[in-house]
Number of protein chains: 2
Amino acid sequence: MPSVTIKDVARLAGVSPSTVSRVISNHPRISKATAEKVRQAMETLGYHPNMTAKKLVSKSTKTLGLVLPRSAEELFANPFFSEVLRGMLACANQKQYDLLMSSANNPKEEMETVTRMVLGRQVDGMILIKPRKADPVIEKLLALDFPFVVLGRSLEHPDVPAVNNDNIAAAFDATFHLINQGHRRIGFVSGPPELVVSGDRLAGYQKALSQVKLPLRDEWVIASDILPKNGFHAVSMVMNAPDRPTAFVVSDDVVAFGMIRELVGAGYQIPEDVSVVGFNNIVLSELSNPPMTTVDIGIYHLGYQTARHLIRILQGEKVPEPNVTVPHRLVIRQSVRFLSHTDDSL
Amino acid sequence: MPSVTIKDVARLAGVSPSTVSRVISNHPRISKATAEKVRQAMETLGYHPNMTAKKLVSKSTKTLGLVLPRSAEELFANPFFSEVLRGMLACANQKQYDLLMSSANNPKEEMETVTRMVLGRQVDGMILIKPRKADPVIEKLLALDFPFVVLGRSLEHPDVPAVNNDNIAAAFDATFHLINQGHRRIGFVSGPPELVVSGDRLAGYQKALSQVKLPLRDEWVIASDILPKNGFHAVSMVMNAPDRPTAFVVSDDVVAFGMIRELVGAGYQIPEDVSVVGFNNIVLSELSNPPMTTVDIGIYHLGYQTARHLIRILQGEKVPEPNVTVPHRLVIRQSVRFLSHTDDSL
DNA sequence: CAAATTTGTGCAAACGTTTGTATATCCTAT
DNA sequence: ATAGGATATACAAACGTTTGCACAAATTTG
């Protein structure tokens with residue numbers, strides 16, 4: 001409302017607008033005296049720079065763009081997202097950047113929003129969360145030569161700046177933990193098939209099985225997108241077969257919760273009858289009943305490093321590696337049972 | 001990078017920049033012919049308006065500001081937040097607004113960020129999430145006469161535009177449900193004491209007790225901020241007393257999870273030994289073991305309506321009521337036991 | 001002590017739009 | 001034919017900054 005500009009300050013301080021500007025940016029060749037005078041004037045007038053004007057002339061917005069994946073509806077109810085966001089905000093905040101967010105209901109809207117942010121010069125760089133396979137947004141940004149980093153990885157462009165877990169290794173570890181605990185019949189619940197991350201985790205699972213020469217049984221891998229809605233029919237189908245799995249690797253903790261709930265409802269005990277290892281280690285994994293064994297992928301760091309990486313690039317710092325990998329670790333709690341080989345109660 | 005401006009379009013189309021501008025904004029007095037010519041030129045050049053310039057001259061940013069409460073660290077790991085955000089984004093997106101976010105580590109930073117957004121004219125309005133009692137940010141915004149709405153309510157300024165639940169009634173309902181189920185010794189776990197919402201829920205709990213002439217026992221109300229860190233000492237202290245509560249109202253589902261976990265760890269069964277009713281109905285409340293009885297406060301709607309309310313105000317629509325109340329409802333699941341009055345097993 | 005350099009400040013252009021006012025062309029009505 | 005009003009477009013100022021250049025004053029140098 002008051003809208004006091006640099007000119008008002010200049011007038012009161014008895015100097016030119018450019019001098020005021022230089023005082024603000026600590027230009028070296030401003031005398032101590034005028035600087036003081038100007039600061040005084042700013043103070044009494046309650047001056048604050050108009051960021052929009054500043055952005056226009058400086059051609060830098062100090063803002064990072066973030067468009068929510070169209071799968072937002074699902075992914076978003078997931079604590080994963082807020083934890084990632086928390087990391088991003090923490091980093092952005094520290095480096096004096098803001099985050100401009102928008103959501104989109106479908107791929108078309110998503111592209112439009114990206115376009116508006118990028119071509120509309122509202123942001124200095126973009127963050128892409130969990131890209132799809134053959135993601136057109138990546139193609140677009142690449143074509144525009146606009147700075148961006150993906151949280152996850154691009155299948156088609158391996159050298160695009162990215163922050164990711166080694167999801168193959170992570171799923172391998174999760175699966176191998178079950179193997180080490182004596183399990184031989186291990187099922188897998190995968191994430192949305194269009195996401196790169198889903199493919200990686202599936203691959204890690206398969207790798208672990210084949211390493212110990214266990215057969216891959218297609219009927220034991222379940223696509224999670226049919227899970228929460230359809231009452232887990234796929235799960236009960238698998239469980240009703242004569243030689244059912246004794247354990248599952250589930251590529252998302254939330255889905256794992258839903259699955260456990262179904263299993264419990266069907267009369268199974270966790271981990272006595274079925275073991276489960278989840279993915280992500282969200283806060284509630286620790287608080288659930290039973291506390292869930294899961295692979296901690298460092299969600300907060302994932303977010304933090306993604307923002308960090310992008311800002312580094314924007315500031316022209318030497319970026320040693322295009323890709324940064326956030327370490328994961330298996331957190332062993334109580335949703336996995338040790339299965340003696342001589343035990344054939346299952 | 002290419003940075004094609006309105007002038008480039010004008011040149012190619014053989015008209016003046018102002019004409020191009022008017023074509024874009026569908027000015028009535030532009031001939032069909034030129035309009036076509038200009039659109040053609042925009043197309044071939046791949047023109048997109050520079051939003052920053054537009055914002056500068058139009059003095060409207062089409063952006064909503066959101067500063068994360070300093071309690072972000074805690075609140076944020078909470079799915080509550082992402083669900084609220086999802087609602088806000090959905091509404092903003094629909095009304096063609098963006099969200100500018102920032103976080104702050106302490107009240108001072110918070111104020112600075114608000115100042116930067118508001119006085120820096122980066123946003124048209126602000127959203128304040130769950131204000132504290134005597135929140136200085138509210139005072140500031142009021143003093144500046146800057147449009148904002150709070151998600152929650154202001155204690156000191158009841159007529160400030162706000163979107164909220166009737167938290168007193170909600171906590172009353174939760175407590176009364178326990179009473180109806182036969183409970184007479186009911187504890188309460190409160191949220192961070194500096195938040196308005198915490199006070200309201202506590203009041204609702206007290207109201208329910210006094211309505212049925214149950215004594216208020218101070219030692220049975222536990223402040224949650226001492227909960228997750230200190231291993232729930234307060235809980236075990238309460239539980240070890242000779243006449244311990246048979247049930248708790250817990251003003252946040254996440255805290256309820258943590259509490260249940262502690263209780264289970266101490267050998268109690270839920271709901272057989274202790275009943276719990278939570279607050280918020282986050283996604284995982286349904287999936288937990290046992291599924292949690294909780295009051296659904298419509299988190300998504302809370303977010304959606306907050307954005308909606310602010311946008312209404314910004315667009316100068318007649319706003320019938322300064323405050324909108326999002327309805328709540330008790331969702332009965334399986335964390336509460338029916339307690340026969342003749343049953344003195346507890 | 002004059003010349004050269006440094007120091008401090010102002011002027012004006014630029015960033016890419018929007019919009020009020022002026023002007024030119026074209027109708028329509030007298 | 002011609003005034004009067006539409007209609008369609010151009011001009012230029014404005015939004016609030018930053019910054020290259022010019023220039024005066026102060027300081028250093030030989």
Side-chain angles (χ1 to χ4, degrees), chain A residues 1-42 45-63 116-124, chain B residues 1-42 45-63 116-124:
Chain A
M1 201 65 229
S3 219
V4 22
T5 81
I6 213 172
K7 294 185 184 176
D8 301 320
V9 176
R11 198 172 310 122
L12 178 59
V15 298
S16 77
S18 33
T19 299
V20 176
S21 174
R22 288 192 244 260
V23 169
I24 292 169
S25 52
N26 292 313
H27 188 103
R29 293 229 281 261
I30 290 288
S31 75
K32 203 77 200 85
T34 27
E36 190 44 43
K37 236 183 357 187
V38 169
R39 270 186 246 282
Q40 195 64 249
M42 296 198 303
L45 257 37
Y47 170 78
H48 282 269
N50 181 321
M51 290 304 180
T52 305
K54 185 179 230 156
K55 287 174 187 176
L56 180 59
V57 52
S58 71
K59 290 170 170 310
S60 150
T61 62
K62 292 290 233 166
T63 304
R116 192 164 40 83
M117 284 190 180
V118 171
L119 274 338
R121 293 148 197 101
Q122 305 206 74
V123 298
D124 293 348
Chain B
M1 201 63 230
S3 219
V4 24
T5 80
I6 214 171
K7 293 184 185 177
D8 301 319
V9 176
R11 198 172 310 122
L12 178 58
V15 298
S16 77
S18 34
T19 300
V20 176
S21 174
R22 287 191 242 260
V23 169
I24 292 170
S25 52
N26 291 313
H27 188 102
R29 289 231 279 264
I30 291 289
S31 74
K32 202 78 200 86
T34 26
E36 190 44 43
K37 235 182 359 186
V38 169
R39 269 185 248 282
Q40 195 64 250
M42 296 199 302
L45 288 176
Y47 170 77
H48 282 270
N50 182 320
M51 291 303 182
T52 306
K54 186 179 228 155
K55 287 173 186 176
L56 178 60
V57 53
S58 72
K59 290 169 172 307
S60 151
T61 63
K62 291 289 233 168
T63 304
R116 191 164 40 84
M117 283 190 180
V118 172
L119 275 337
R121 293 147 197 101
Q122 305 206 73
V123 299
D124 292 346

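Hydrogens, waters and symmetry mates play no part in the numbers below; they use all other heavy atoms, side chains included.
- Contact annotation: A:Ser16 reaches the phosphate of C:dG10 (side-chain N/O to OP1 or OP2, under 4.0 Å).
- With rounding to the nearest 0.5 Å, the separation of CG in B:Leu45 from CG in B:Leu12 is 5.0 Å.
- In this structure, B:Lys55 places its NZ atom 13 Å from P of C:dT17, rounding to the nearest Å.
- Nucleic acid contact for A:Ser25: none, since no nucleic acid atom lies under 4.0 Å from a heavy atom of the residue.
- Comparing B:Ser58 and B:Val15 against DNA chain D, the residue whose closest nucleotide sits nearer the 5' end is B:Val15.
- Heavy atoms only, all atoms of each residue included: B:Val23 and B:Arg39 are closest at CG1-NH1, 3.9 Å.
- Evaluation of atom-type donor-acceptor distances gives no pair under 3.5 Å for the side chain of A:Arg29 against the base of C:dG10.
- Using a 4.0 Å heavy-atom cutoff across all strands shown, A:Gly120 reaches no nucleic acid atom at all.
- When the side-chain nitrogen and oxygen atoms of A:Ser3 are compared with OP1 and OP2 of D:dG16, one or more of them lie within a distance under 4.0 Å.
- We find that NZ of B:Lys32 is positioned 21 Å from P of C:dC26, with the value rounded to whole Å.
- Proximity of B:Thr52 to the phosphate of C:dG16: no side-chain N or O atom is located under 4.0 Å from OP1 or OP2.
- Atom CG in B:Asn50 sits roughly 13 Å away from atom C1' in C:dA14 (whole-Å rounding).
- For B:Ser18 and C:dT18, the shortest distance from a side-chain N or O to OP1 or OP2 is not below 4.0 Å.
- Taking 4.0 angstrom as the limit, A:Thr19 places a side-chain polar atom (N or O) nearer than this to OP1 or OP2 of C:dG10.
- Between the side chains of B:Thr19 and B:Ser16, a donor-acceptor pair is found at a separation under 3.5 Å.
- Side chain of A:Thr61 to backbone of A:Asp124: a donor-acceptor contact under 3.5 angstrom is found.
- Counting to the nearest Å, the P atom of D:dG16 and the CG atom of A:Asp8 are 9 Å from each other.
- At distances below 3.5 Å, not a single donor-acceptor pair connects side-chain atoms of B:Thr34 with backbone N or O atoms of B:Ile30.
- D:dT17 atom C1' lies 11 Å from atom CZ of B:Arg121, rounded to whole Å.
- Dashed line: the shortest gap from a side-chain N or O of A:Ser31 to OP1 or OP2 of C:dT9 is under 4.0 Å.
- Contact annotation: B:Lys59 side-chain N/O to D:dA14 OP1/OP2 distance is not under 4.0 Å.
- Remark: C1' of D:dT17 and NZ of B:Lys54 are 20 Å apart, rounded to the nearest angstrom.
- We find that CZ of B:Arg22 is positioned 12 Å from C1' of D:dA12, with the value rounded to whole Å.
- The nearest whole Å value for the distance from the CG atom in B:Leu45 to the P atom in C:dG16 is 14 Å.
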